[in-house]
Structures are given as C-alpha cells and as structure tokens.
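For reference, the structure is listed below as structure tokens.
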Amino acid sequence: MRIGLLTKSGYPYAAGEGRVWCDRLVRGLAGHEFDVYALSGSARQEELGWVELPPQVRRVRTAPTWSAEDDGRSHGRRERRRFAEHYGDLAAAVCGADEDLADRFRSGLYGLAELAREHGGLTGALRSETAVRALEAHCRAPGARRSAHAARVPDLLAVAARLERALRPLSLDWYDEESLGAVDLCHAASGGAAALPGLLAKRFFGVPLLLTEYGVRLRAHYLTPDAAAPSPPVRALIAAFHGRLATEIYHQAALITPGNSHARRWQVRCGADPARLRTVYPGMDNARFAAVAEARSGTADDGEAAPEANTLVWVGRVEPAKDLIALLHAFAEVRGKEPTARLRVIGAPAADPESAAYLAHCRSLAAHLFPDEAADAHAVGENPVSFEEIGDPEAPDLADAYAGGSVVVLPSVVEGFPVSLVEAMLCGRATVSTDVGAVVEVIGGTGLVVPPRNPRALAEACVSLLRDPERRARLGAAALARARELFTVEQNTAAFRGIYLELMSRCPVRRDICDGAGDPLLFAHPAEVHVPGPWAVRPQTTEAGPPPAAAPVPEPRPAGTASGRAPGPAPEAPPVSAGVTSSPEVSS
C-alpha cells in the first residue's frame, strides 16, 4: 500500500511536533510504502535538516508555510470573476454566524483550489484589493458576526494576510497523478494546514483521508495567544476560519483517530461524526524505561541504591500552562510536614523568551520560599529545590530523570495528552496529577488526581504518598501494567496497520487503466489483483505501448503491497491480446 503521510512543522524534520510518533509509525509499518508531504514551519526548522529516513520512505516533498512567493501569473477577466465568486463564498462563511454556511465555505475553498490548479496566480489574488473588499462587504452584511461589524481597515488587512498564509497549501504542485493522485491513502498527522492537501487529494482523485489528532489543532489555536493580532475582530474572524476548516476536514475524513477521549469530545463538538471516530493512544518507547521499572521496588541489578523515597520529580517543558508556581507553593507546604523532602524540576531547554522568563520567575520564587537554604542553589542536593535541564552534560537523561524520585508530579492547568505522565507510568512511578485534559483517562485509577490551581490539595496528595511506601509501590506497579497494555509503540503500530487495511477495503481508489488510444481497458482490475498471493499480477497494456505523455497512467501495485507485505516484483504475466488485461486464470 502506498501511503501519503501529511505533516506540518514535523516529520521528516529533525525538530518539530509529532516527529517521533511519525518516525515510529513509518518504521513499524515496513510492509507499506510512504510518500511524505511536509509543510515546514520556519527557516530554522529547514536548516536543522531531516532525521534519518527508513527505506520504506520512497519520496519526500516539502513546502514552506512561513513564506510564499507569487508565481508571477496574472488572472484574466474570467479568472478574476471566478476568484471574486469563490473568495466571496469563503468570506461569507467566515464572517457569518449562521451554521448553515458550511456549504458556502466548502464551495469557496474547493473553488479557489481548482482555480489555483488550473491557472495559478492564487497567492497574488489572495493579497489583492478584491480580497479585502470582499471581507469588508461580508463584515458589514446583515447576519455577520457581532465582532466582525467592528472590523476596521487595518483589521481587514490583517485578516486577509492570515487567510493568505493559511491557504498557501492550495497553490502547491502536489495535486497531479504522479504525486498525491498516485497514493492509496492520505494520512494527515494533524488537522489544520497539514490536512488541506488530503482534502484536495480526495476532491481531485478520490483518495481517502485518515486524520490523526493527538492534539486538536483547533483547540491549540484557541489556547495559543496571538500577540500579533490584538484586535478582537481579527481573532474572531481567524478563529471562525479555523473552525470552518476543522468542520470540513472532519466531514471529509473517512476515519478520525483521536488520541484520547478529551480530543474526541472536541472533535464531536466541532462536527465530527462519532461513528467515524476511533481512539488510538499514542505509542511510547517502553524499552528505554524498562530498566527503571525493574528497579522500582528496591535496588537495580547492578546493586545501585533505589532513588530517595522523599524526592518529588517534575519533568516537562517549562511554560506557564504547566503551573510550576503552584507546584512550588505546594512544595513549601510539603516541607512543613516532611522537612527532608526534596523537589527536582527537570525541564527541556527554553524554546522561546516567554519560557525563559517563566523559568527565571520560578527560580526567583524558589529562592524566596526557601531563603535560608538558597545560598548554594546551583548545586544539586544542597537546596530542597533543584532546577535541571535535560540534555545538559551534568543533567540526567529522560529515564534517569524519572528514576531520581519516588513520586512524579504533574500540576498543569492545561494539558492535552500527558506524555510525561505516561513516561512516569512506564517507569513504575506513583504519580500526583491535576484533573485536566486526558489525565484521568490516562491514569485510570493508578495515581492520585487533585483539582488544578489548588496547591494545598496537591501538597496533601504528595505527603500521603511520601509517607506510605507500600501504597507507592502498589500504585507504581498498577501504573506500569496499564501503560504497557495501552501506551506502547507496538499497540499503536498494530492499530494503524489494521486501520490502513480496513480503509483500503472500504474506500479503494478507482483508477482507470487506458490503452494507447486513451480508452479504458476492459477487465483491467480483475478480482485476483486484490487477493494476496503469487497469482496477483500487474495489469499490462496492449502492444500499442503506453499512453501518451499528456495522459500519464499510474502503474498499479501488486496486491501484496496492500496486504502489509514488502513490495516485490510481480510474476510475469502472459501475453495479452485484444486490448484486454487479465490474470492467468482469466487468460486461460
């Protein structure tokens, strides 16, 4: 089977979201071919290069979303009229509050895509005065959103610029019979812009779309502040566009695989059909944590001592959503009841100035809460709170970070799928978490859960586990068993292997095989080509030769590829006459 893997700001780049999961999926499904279509997020990401790709990745096509150059094509009168009509439909759906405008959004989106495919010039048209005037007309029209009525000219210019950026995938040269038209299935690794090429592949070629969302793209858009768009009309209109796009993606996807029930609820709220939703938990590498899990009850095989029983550990990205402030205040109460308790804050390097400033604030607060012990704050073990960085030469690696304490704490106020929590479970650690996102679903009764933004409840839960080693051991063992059953790479890969084959059986791509004159060949798809086995053959053309270059014909693959086996050369077919392609059984 030939899979078109669609990503944005991720695989195959060395730095990006979802990179590790995509790499594990591709390597785990070695019996399939993968064509990767990647939208890069920044010039820096492209400079860092790609990860090492396995041999089943046959093609990689990339395109930037952070910059776009006009292709130099201009529209004639007819094309300008088509653009105004289609962009008007899109603007009406974005500016209007009526839920029945989904058809106009669909008409505008696909109309613009067809215009770009046939004539080009879409980038320049999206930046034109025509686009701004269409937005203005629909913002002032009856039935428009209340916030849209307040949009001024600078707001309209900002909205037009953001829509142009969001619609850049429509202008790519990926939509032909040799690119996305040649794949059997499009698998979008996230929603939003990454899934746009999949929508067009289904529109132009009938290729089924599989959507995987471990973090709902629309939710991330709502929660991520846009410092460059302080105006409420701009935020409202762009949010409306992303909402309409998410609804269309959910409507067109043959199957949607959320990573947890929290994401599933978001998708249903945004218009996804519950009958086409199937939860597939992300897969984590259990092998890297196995040694820590085996040593959780006492000493490791090499005789090293178990981690200190009075140490709390936090691991993750340092950002305000993780609420390390509440954790520090809670630890102050823990120290009042357990004077020997320690806290290790182990975070990834700060990715932006906001994260760096938040980390500096946390360090300052720790020095303020423990003034008598802050004289030697840079030495691990000298201060009750230590700040360490994963990847630093003196810092532990990820598995050792979880091994450095007996209780892992997650005090977040916003959380999607809690990866660090699963890693702690794979290490056999007892956990204390806040009730946000998919935390309760992941924990499943194997850890303590407290309300968010409640340092006192967090402290009480931590103290109860620090004082009860037997309870810690029971919870850790239960967490390990649950994580190995639900959250491993093997579980994730097996789920998608079955989903791929199921979608191909329900939504096969029908491609016409033509003779040299361009006429469809009779019996070009005999039943045998869908059955794995040595009798499966590649359809052959007549002696007249292949079709002309103006009508390229994709070469079908043997059924063995669709069954998950590694592709190989097909058996030689017998001669064919009268313009009919057949299998050995048919020809006899």
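Here, residue 1 is the first one in the sequence, and each next residue gets the next number. Values below: all heavy atoms of this structure, side chains included; hydrogens, waters and symmetry mates excluded.
Summarising the local packing, CZ of Arg77 is surrounded by 12 or fewer heavy atoms from other residues, nucleotides or ligands at distances under 6.0 Å. Sparse packing is recorded around CD of Glu52, with 12 or fewer heavy atoms of other residues, nucleotides or ligands lying under 6.0 Å away. Atom CZ of Arg269 is surrounded by 12 or fewer heavy atoms from other residues, nucleotides or ligands within 6.0 Å.
With salt bridges taken as basic N to acidic carboxylate O contacts below 4.0 Å, one links Arg203 and Glu114. For Arg19 and Asp23, the salt-bridge test fails: no basic side-chain N is under 4.0 Å from an acidic carboxylate O. We find that Asp35 and Arg2 are joined by a salt bridge, their nearest charged nitrogen and carboxylate oxygen being less than 4.0 Å apart. Between Arg59 and Glu178 there is no salt bridge, since no side-chain nitrogen of the basic residue lies less than 4.0 Å from a carboxylate oxygen of the acidic one. A salt bridge does not link Arg80 to Glu85: none of the charged side-chain nitrogens sits closer than 4.0 Å to a carboxylate oxygen. Using a cut-off of 4.0 Å between Lys/Arg side-chain N and Asp/Glu carboxylate O, Arg61 and Asp173 are scored as salt-bridged. Under the 4.0 Å criterion applied to side-chain N and carboxylate O atoms, Arg244 and Glu248 are not assigned as salt-bridge partners.
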> How far apart are the C-alpha atoms of Tyr214 and Phe417, what are their side-chain angles, what is the distance that settles it, and do they pass the ring pair (Phe, Tyr, Trp, His ring centres under 6.0 Å) test?
Replying inline: CA-CA 7 Å; Tyr214 287 130; Phe417 185 85; 7.1 Å; no

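Note that CH2 of Trp66 is 12.5 Å distant from CG of Leu39, once rounded to the nearest 0.5 Å.
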